[in-house]
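First up is the structure itself, then whatever we jot down about it.
Here is how names work: the chains are called A, B, and so on, in the same order as the sequence lines, proteins then strands, and each is numbered from 1.
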Number of protein chains: 2
Amino acid sequence: MSVAHTGVTPQVHGGPCGDDDCGIREVLDRIGDRWSVLVLVELAKGVRRFRELERAIPGISQRMLTVTTRRLCRDGMVERTAHPTVPPQVEYRLTPMGESLAGAVRALADWSRDHRDAVGEARAKWDAEGGATP
Amino acid sequence: MSVAHTGVTPQVHGGPCGDDDCGIREVLDRIGDRWSVLVLVELAKGVRRFRELERAIPGISQRMLTVTTRRLCRDGMVERTAHPTVPPQVEYRLTPMGESLAGAVRALADWSRDHRDAVGEARAKWDAEGGATP
DNA sequence: CCGGATCCATGATGATACTG
DNA sequence: CAGTATCATCATGGATCCGG
């Protein structure tokens with residue numbers, strides 16, 4: 001893709017993928033989209049309001065923030081608290097399970113940071129050689 | 001992209017994550033697609049040939065397997081060895097970096113299995129309540 | 001401020017047929 | 001066996017307008 005999307009919800013085409021899956025697709029179907037992890041990481045820093053999340057995550061649109069938070073709520077990762085004030089005030093915070101997931105995600109992020117350069121080199125090499133295998 | 005959020009709040013997990021997205025998007029842009037992790041997990045079991053991978057991953061098409069393995073090769077996760085025999089014989093194996101990534105992915109898969117039920121319940125509850133905020 | 005609803009562009013994926 | 005090529009499809013996500 002440049003991995004832009006990847007279904008967040010199980011696609012209609014999804015295959016059986018029985019036990020070979022290791023359940024890995026389960027998570028990726030939830031956080032593999034463009035924004036979920038970013039919201040997760042931001043909320044791991046503390047309680048946030050809608051507008052705060054929007055400002056903290058450059059490039060996200062109102063719609064995608066709504067869609068993403070809602071999805072995370074549905075999956076039990078995020079808790080939403082609306083105060084009936086004027087103007088409206090809504091707070092988002094991670095549930096214990098959400099915190100747990102954020103921790104697991106952070107491990108992967110650490111891996112990414114540690115190997116960023118190596119991946120870049122491998123890619124540059126591949127591109128320079130035109131995809132051959134010398 | 002630079003982060004614009006106002007203040008860095010104390011970390012919940014102790015990990016700094018101070019910059020931007022912690023680089024988490026970097027990995028997800030590589031393995032967040034539908035097939036990469038499945039190929040990764042299968043190759044973590046040992047060397048595989050093209051057909052073997054195809055059979056081991058239900059639902060993947062020839063094209064997507066080609067695209068996916070090639071991408072993993074380009075990023076330095078997989079090594080491709082073609083034997084000039086008849087019929088052709090091509091072997092794929094993880095590089096050390098690929099093994100490393102597979103390990104990190106396995107951790108996430110473990111999380112997934114451990115919380116599968118909890119997520120299912122949360123989702124069922126949400127759906128039953130029509131997305132309300134009880 | 002916090003969204004919901006709609007239209008639309010894009011790109012990942014799938015199906016199928018064809019080579020070496 | 002191990003791909004390559006081409007076309008069709010459909011979710012994802014962006015833009016925008018509207019309402020509470």
Report summary line: Atom CD of B/Gln62 and atom P of C/dT19 are separated, to the nearest Å, by 15 Å
Query raised in the report: Base, sugar-phosphate, or nothing for A/Arg63, non-hydrogen atoms under 4.0 angstrom?
Result: base
**Report entry** Side chain to side chain, B/Trp126 and A/Asp75, heavy atoms closer than 4.5 Å
**Finding:** no
Query raised in the report: Taking 4.0 angstrom as the limit, do A/Asp110 and A/Arg106 come out as a salt bridge?
Result: yes
Query raised in the report: How close or far is atom P of C/dG3 from atom CZ of A/Arg70, stated in whole angstroms?
Result: 9 Å
Report task. May I ask you to say what A/Thr66 touches in the nucleic acid, namely base, sugar-phosphate or nothing, with a heavy-atom cut-off under 4.0 Å? Result -> sugar-phosphate
**Report entry** Among C/dG20, D/dG14, C/dG14, the nucleotide that comes nearest once only the side chain of B/Trp35 is considered
**Finding:** C/dG14
Query raised in the report: Hey, is the side chain of A/Arg80 poking within less than 4.0 Å of OP1 or OP2 on C/dG3, counting only N and O atoms?
Result: yes
Requested in this report: Using atom CZ of B/Phe50 as one end and atom P of D/dT4 as the other, report the distance to the nearest whole Å.
Outcome: 8 Å
Query raised in the report: For A/Pro88 and B/Ile60, take the nucleotide of DNA chain C holding the closest heavy atom to each; which residue's nucleotide lies nearer the 5' end?
Result: A/Pro88
Requested in this report: Starting at atom CG of A/Leu65, determine the distance to atom C1' of D/dA15, rounded to an integer number of angstrom.
Outcome: 16 Å
Query raised in the report: What is the distance from CZ of A/Arg71 to P of D/dA11, rounded to the nearest Å?
Result: 13 Å
Query raised in the report: Hey, are the side chains of B/Glu79 and B/Glu91 touching, using non-hydrogen atoms and a 4.5 Å cut-off?
Result: no
Query raised in the report: Do B/Ile24 and A/Leu38 come close enough that some side-chain heavy atom pair is under 4.5 Å?
Result: yes
**Report entry** Pairs meeting criterion ring-ring contact (aromatic ring centres under 6.0 Å, His included) with involvement of residues 88-114 of chain A, two or more places apart
**Finding:** A/Trp111-A/His115
Query raised in the report: Does A/Arg51 put a side-chain nitrogen or oxygen below 4.0 Å from OP1 or OP2 of C/dC2?
Result: no
Query raised in the report: Atom CD of B/Gln89 and atom P of D/dC1: how far apart are they, to the nearest Å?
Result: 11 Å
Query raised in the report: Nearest-Å distance, CZ (B/Arg34) to P (D/dT9)?
Result: 20 Å
Query raised in the report: Would one find a side-chain N or O of B/Tyr92 under 4.0 angstrom from OP1 or OP2 of D/dC1?
Result: no
Query raised in the report: Rounded to the Å, how far apart are B/Asp29 CG and D/dT12 P?
Result: 16 Å
